[in-house]
Amino acid sequence: MTAMRFASTRDPALTAGFGAALVQGLAPDGGLYVPLRWPQLPLESLAGESELPGLAARLLAPFVEGDPLAAALRSITSDAFNFPAPLVPLVPDGRLSVLELFHGPTAAFKDFGARLLAACLVRLRTHKSHPLTILVATSGDTGGAVAAAFHERPGIEVAVLFPKGLVSPTQERQLTCWGGNVKSFAVRGTFDDCQRLVKQAFVDPQLRERSELSSANSINLGRLLPQAVYYAAASLAIWREHAQPASFVVPSGNLGNAVACVWARRLGLPIGEIVLAHNANRTVPDYLESGAWRPRPSVPTLASAMDVGDPSNMERLRALYPELPQMRAAVSAYAVEDPEIQARIRVGFEQFGQIWCPHTATAAEAYERLSASPRKRPGRWVVVATAHPAKFREIVEPLIGRKVPLPQTLGKLFARPTQCTEIAADLTALRAALLGRQSSWKS
Ligand SMILES: *Cc1c(COP(=O)(O)O)cnc(C)c1O
């Protein structure tokens, strides 16, 4: 087998190997890296693998083949997948379950991708003299997960950009409690502004000259690909127990998590339907309905980590399904308003004794709506739980009328002091902040 290449969504002739694609983040033409071919993973080849690190090594092997990272793959996946992703049945017959992706250090699913990316980049940087600067725009959870994954890792600096006042107080603590090689910027603007700034920074000659830049957003292949692993694990567990494919309802914003699920299905895993649950930022549901792609400014909602009006990873979905009918056959999408999210949090607690974060509740609500529609296929359904409810306790506690217990992971973070710099939403401000303080960064 020849080494796997990854091509830009905008130009199939522009390719990179796995490690290079991770370091670059974005392809040089502004496109996103996607695999040039799709290895098939026959289910027999995964027999005996049920733990995440082993399964991750099997799933990622064809993508890393021929890359300098290949030899270290098993140690990389052990380093990254060091916490579980349990599948919790909601009803006794197991027809509906919740996939809990929030048992990592910052209590959201982004810990998986961030930890894998960190494990890879640290191994790629060991012989470099220049530091690598990771720019990350976050609508809430990305920044915390990336900061946690890279904090105190040698040779790497992190700049986290978040929309000032638009993340929950709990999230803000996680974005600003690091120091050392991690610096946090509160941008006076929206998440889309933060994302635009990161994209502009990448093509800014002054910044590029100063240090090597990389992104750790869900646009980075190294964040996205490992997310296919928990879909593989969950669908295999269901297949082994019930001999039925698993269908997933994925809380979606920038579509990184959803594309990982689509990729897992493409690799041959037993996955049926994939449903994208969006909040009031309805760009994707509207597109699937009308066929017109109309990105728009994001609107703030209770499920703030999904407040994305122009989801970057749509480009990756389009690369797989260039025609609208193909896209419609591959995924469906729902938009859920804040009052429905609140009602679903209440009902989830009353009906199942479950405490859901607003993002998970968005997916649970989409599942309910789907259940009432003829489109829903029979079989096993999984609502994806993307964050621990304690991260959104300001929203959740009044709805369920009790305190949400703080997981140990978050308790540790909350004990740390916080620091951050406020900047305007323009490149000049970011450039000044980055160039001005770069020399003082220690790693
Ligand atoms: C980031 C995030 C999402 C959205 O994931 P995308 O990959 O951007 O679609 C959903 N829920 C939570 C809790 C998140 O942090």
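One-based numbering along the sequence shown. Computation of the quantities below employed the complete heavy-atom set of this structure, encompassing side-chain atoms and omitting hydrogens, waters and symmetry-equivalent molecules. For ligands, and for the atoms within them, numbers begin at 1 and follow the listed sequence.
- Results of the side chain to side chain donor-acceptor pair (under 3.5 Å) test with D111 over T409, N82, T106 single out T106 as the only residue that passes.
- Distances from atom 10 (C) of ligand 1 to the heavy atoms of M306, K391, H388 show the closest one on M306.
- Salt bridge R402/E397: absent, no basic N to carboxylate O contact under 4.0 Å.
- Contact annotation for K110 and ligand 1: only side-chain heavy atoms (C-beta onward) come within less than 4.0 Å of the ligand.
- With respect to D286 and R294, no salt bridge is recorded, no charged nitrogen being found less than 4.0 Å from a carboxylate O.
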Apply side chain to side chain contact (heavy atoms under 4.5 Å, CB included) to residues R123 and L69 and explain how you reach the verdict. CA-CA 8 Å; R123 284 163 177 85; L69 286 171; 4.0 Å; yes

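- Cation-pi contact between R318 and Y287: present, with separation from the ring centre below 6.0 Å and deviation from the ring axis of at most 45°.
- Looking at ligand 1, you won't find any N or O of A108 less than 3.5 Å from one of its N or O atoms.
- Taking any N or O of G253, backbone or side chain, at least one lies under 3.5 Å from an N or O belonging to ligand 1.
- Which parts of ligand 1 touch P251 is read off a 4.0 Å heavy-atom cut-off, strictly below it: atoms 4 (C), 10 (C).
- For the 3.5 Å distance criterion, the side chains of T176 and Q419 fail to qualify, holding no donor opposite an acceptor.
- Under the 4.0 angstrom criterion for non-hydrogen atoms, A258 is not in contact with ligand 1.
- Nearest residue to atom 12 (C) of ligand 1 from T386, N279, I219 is T386 (criterion: closest heavy atom).
- With F414 as the aromatic partner, R173 meets the cation-pi criteria of under 6.0 angstrom to the ring centre and within 45 degrees of the ring axis.
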Any chance you could lay out the side chain to side chain contact (heavy atoms under 4.5 Å, CB included) test for R95 and L90, step after step, and finish with the verdict? CA-CA 8 Å; R95 278 189 186 282; L90 278 192; over 6 Å; no

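- Using the six-membered ring where Trp is involved, F248 and Y231 have ring planes that are perpendicular, over 60° apart on the 30 and 60° scheme.
- Note: no N/O pair closer than 3.5 Å links T142 and ligand 1 by distance alone.
- Ligand 1 lies out of reach of F102, whose nearest heavy atom is not under 4.0 Å from it.
- Residue L255 touches ligand 1 through its backbone alone, judged by heavy-atom distances below 4.0 Å.
- Checking only distances, H359 never comes within under 3.5 Å of ligand 1, N or O to N or O.
- Residue contacts with ligand 1: S252 is placed with no nitrogen or oxygen under 3.5 Å of a nitrogen or oxygen of the ligand (distance criterion only).
- Atoms of ligand 1 found under 4.0 Å from any heavy atom of N257, numbered from 1 in the order shown, are 7 (O).
- The contact set between ligand 1 and G256, taken as ligand atoms under 4.0 Å from a residue heavy atom, comprises 6 (P), 7 (O), 9 (O).
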